Amino acid sequence: SNLLEVTYSSEAFPATKEALWALSNGCPLIRQLNLPPVNSSSNLSQLEDGCLKQIANGWPGLLQLSVGGPSITYEALASLAYHCSELQSLELTECAPIDTKVVSQLCKDGRLSFLHTLTLMFTRVTPKAVVSIIENCVSLVTFDLYISSAMYSSGTDRQSVYKYLTVLENLKELDGHASLRNVFHLHHIDY
């Protein structure tokens with residue numbers, strides 16, 4: 001099949017690794033895959049590591065990927081970075097936290113060297129990891145980070161609010177910093 005782009009989102013029928021395997025065998029030329037998580041009243045419809053590993057193995061020529069879910073670990077992201085060496089745009093929504101250890105695995109041996117757009121939606125990332133991503137992803141032109149206080153709280157307790165405000169201030173210091181090549185853009189969304 002000549003299918004190059006797929007967007008799929010379903011609360012009732014989330015993507016499975018078996019469905020992704022069948023799709024990759026039937027449509028091996030897909031270059032853009034959008035599988036955003038679906039928020040429902042009860043849970044977050046999400047991909048798991050097996051799905052991400054299937055994506056990595058099934059579409060090594062993938063150029064653009066949008067996925068999410070807290071069950072996606074950095075091991076699966078590292079597999080994706082290894083197998084999809086031509087990846088140019090990556091959007092991760094509500095994934096496991098990213099620190100410098102994760103970045104070193106993702107960018108190991110020049111992986112993600114073609115990545116020019118990175119969007120992290122409500123995925124925790126440390127300020128040091130932000131700097132490390134920009135230093136290691138040499139083609140990166142845009143790095144958008146979306147955060148909200150809900151990411152850091154389990155209620156309205158003072159400790160959660162303080163943690164969020166501290167993280168927000170540390171990330172704000174990076175936003176627009178000359179050494180980050182005007183690549184990093186922080187978007188804090190609180191309703």
Side-chain angles (χ1 to χ4, degrees), residues 32 34-37 39 44 46-47 49 52 62-82 84-191:
Q32 181 176 342
N34 302 302
L35 302 169
N39 286 309
L44 180 70
Q46 62 198 7
L47 294 178
D49 278 0
L52 204 57
L62 200 60
L63 300 176
Q64 184 175 344
L65 179 63
S66 173
V67 294
S71 295
I72 295 176
T73 65
Y74 80 88
E75 291 92 353
L77 290 171
S79 175
L80 178 80
Y82 176 76
C84 299
S85 60
E86 298 174 26
L87 197 62
Q88 297 174 3
S89 178
L90 179 60
E91 179 178 305
L92 300 174
T93 303
E94 298 183 32
C95 290
I98 297 174
D99 59 17
T100 53
K101 179 182 174 186
V102 172
V103 174
S104 69
Q105 289 298 313
L106 294 178
C107 298
K108 190 178 190 178
D109 302 325
R111 295 177 193 155
L112 298 181
S113 61
F114 292 105
L115 191 68
H116 62 73
T117 303
L118 176 61
T119 304
L120 298 180
M121 304 281 294
F122 311 111
T123 296
R124 291 185 189 195
V125 61
T126 65
K128 287 181 180 180
V130 169
V131 173
S132 184
I133 288 167
I134 293 170
E135 289 174 347
N136 286 288
C137 297
V138 294
S139 298
L140 200 60
V141 174
T142 303
F143 180 173
D144 286 310
L145 175 62
Y146 294 82
I147 67 168
S148 76
S149 59
M151 296 167 53
Y152 294 90
S153 68
S154 56
T156 57
D157 63 272
R158 286 182 165 202
Q159 187 176 8
S160 295
V161 172
Y162 177 75
K163 183 175 183 175
Y164 170 68
L165 292 175
T166 302
V167 168
L168 181 61
E169 284 305 310
N170 290 337
L171 290 170
K172 278 183 178 180
E173 287 180 21
L174 297 178
D175 192 18
H177 195 276
S179 68
L180 300 182
R181 304 184 325 252
N182 297 318
V183 170
F184 178 68
H185 306 285
L186 177 65
H187 311 274
H188 54 97
I189 300 169
D190 286 302
Y191 305 98

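Just so you know, these numbers come straight off a predicted model, no measurement behind them. The figures here come from the full heavy-atom set of this structure, side chains too, leaving out hydrogens, waters and symmetry mates.
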Pairs under 3.5 angstrom only: tabulate donor-acceptor contacts from the side chains of residues 116-132 to other protein residues two or more places apart or in another chain.
{"residue": "Thr123", "atom": "OG1", "partner": "Glu94", "partner atom": "N", "Å": "3.2"}
{"residue": "Thr123", "atom": "OG1", "partner": "Cys95", "partner atom": "N", "Å": "3.0"}
{"residue": "Thr123", "atom": "OG1", "partner": "Met121", "partner atom": "O", "Å": "3.3"}
{"residue": "Arg124", "atom": "NE", "partner": "Met151", "partner atom": "O", "Å": "3.1"}
{"residue": "Arg124", "atom": "NH2", "partner": "Met151", "partner atom": "O", "Å": "2.4"}
{"residue": "Thr126", "atom": "OG1", "partner": "Ala129", "partner atom": "N", "Å": "3.1"}
{"residue": "Ser132", "atom": "OG", "partner": "Asn136", "partner atom": "ND2", "Å": "3.2"}

Using side-chain heavy atoms (C-beta onward) and a distance below 4.5 Å, is Leu52 in contact with Val67?
yes

Criterion side-chain contact (heavy atoms from CB on, under 4.5 Å) on Gln32 and Asn34, from CA distance to verdict
CA-CA 7 Å; Gln32 181 176 342; Asn34 302 302; 3.3 Å; yes

Which value, rounded to the nearest 0.5 Å, describes the distance between Arg111 atom CZ and Leu77 atom CG?
12.0 Å

From Cys107 SG over to Leu140 CG, what is the distance, rounded to the nearest 0.5 angstrom?
9.0 Å

Heavy atoms, side chains only, cut-off 4.5 Å: are Glu91 and Thr93 in contact?
yes

Student check: side-chain heavy atoms of Glu86 and Leu63 closer than 4.5 Å
yes

Please find the pair of heavy atoms, one from Glu135 and one from Val138, that lie closest to each other, and give the distance.
O-CG1, 4.0 Å

To the closest 0.5 Å, what do you measure between CD1 (Ile147) and CG (Leu145)?
6.0 Å

Measure across Tyr74 and Val102 and return the closest heavy-atom pair with its distance rounded to 0.1 Å.
CB-CG1, 3.5 Å

Any donor-acceptor pair under 3.5 Å from His188 side chain to Leu186 backbone:
no

Would you sort out whether Leu80 and Leu65 count as a side-chain contact (heavy atoms from CB on, under 4.5 Å), showing the intermediate values?
CA-CA 10 Å; Leu80 178 80; Leu65 179 63; 3.5 Å; yes

CD1 on Ile98 to CD on Gln105, rounded to 0.5 Å:
13.0 Å

Within this structure, what is the CD1-OG distance for the pair Ile189 and Ser149, rounded to the nearest 0.5 Å?
11.0 Å

Which atom of Leu115 lies closest to which atom of Ser89, heavy atoms considered
CD1-N, 3.7 Å

At their closest point, which heavy atom of Ile72 faces which heavy atom of Asp49, and how far apart are they?
CA-OD1, 3.3 Å

Taking all atoms of both residues into account, what is the closest heavy-atom pair of His185 and Asp144, and its distance?
CB-OD1, 3.2 Å

When rounded to the nearest 0.5 angstrom, what distance separates CG in Leu174 from CZ in Phe143?
9.5 Å

His187 vs Tyr146 aromatic rings, parallel, tilted or perpendicular, using cut-offs 30° and 60°?
parallel

Return the minimal non-hydrogen interatomic distance between Ser113 and Ser139, and the atom names on each side.
O-OG, 2.7 Å

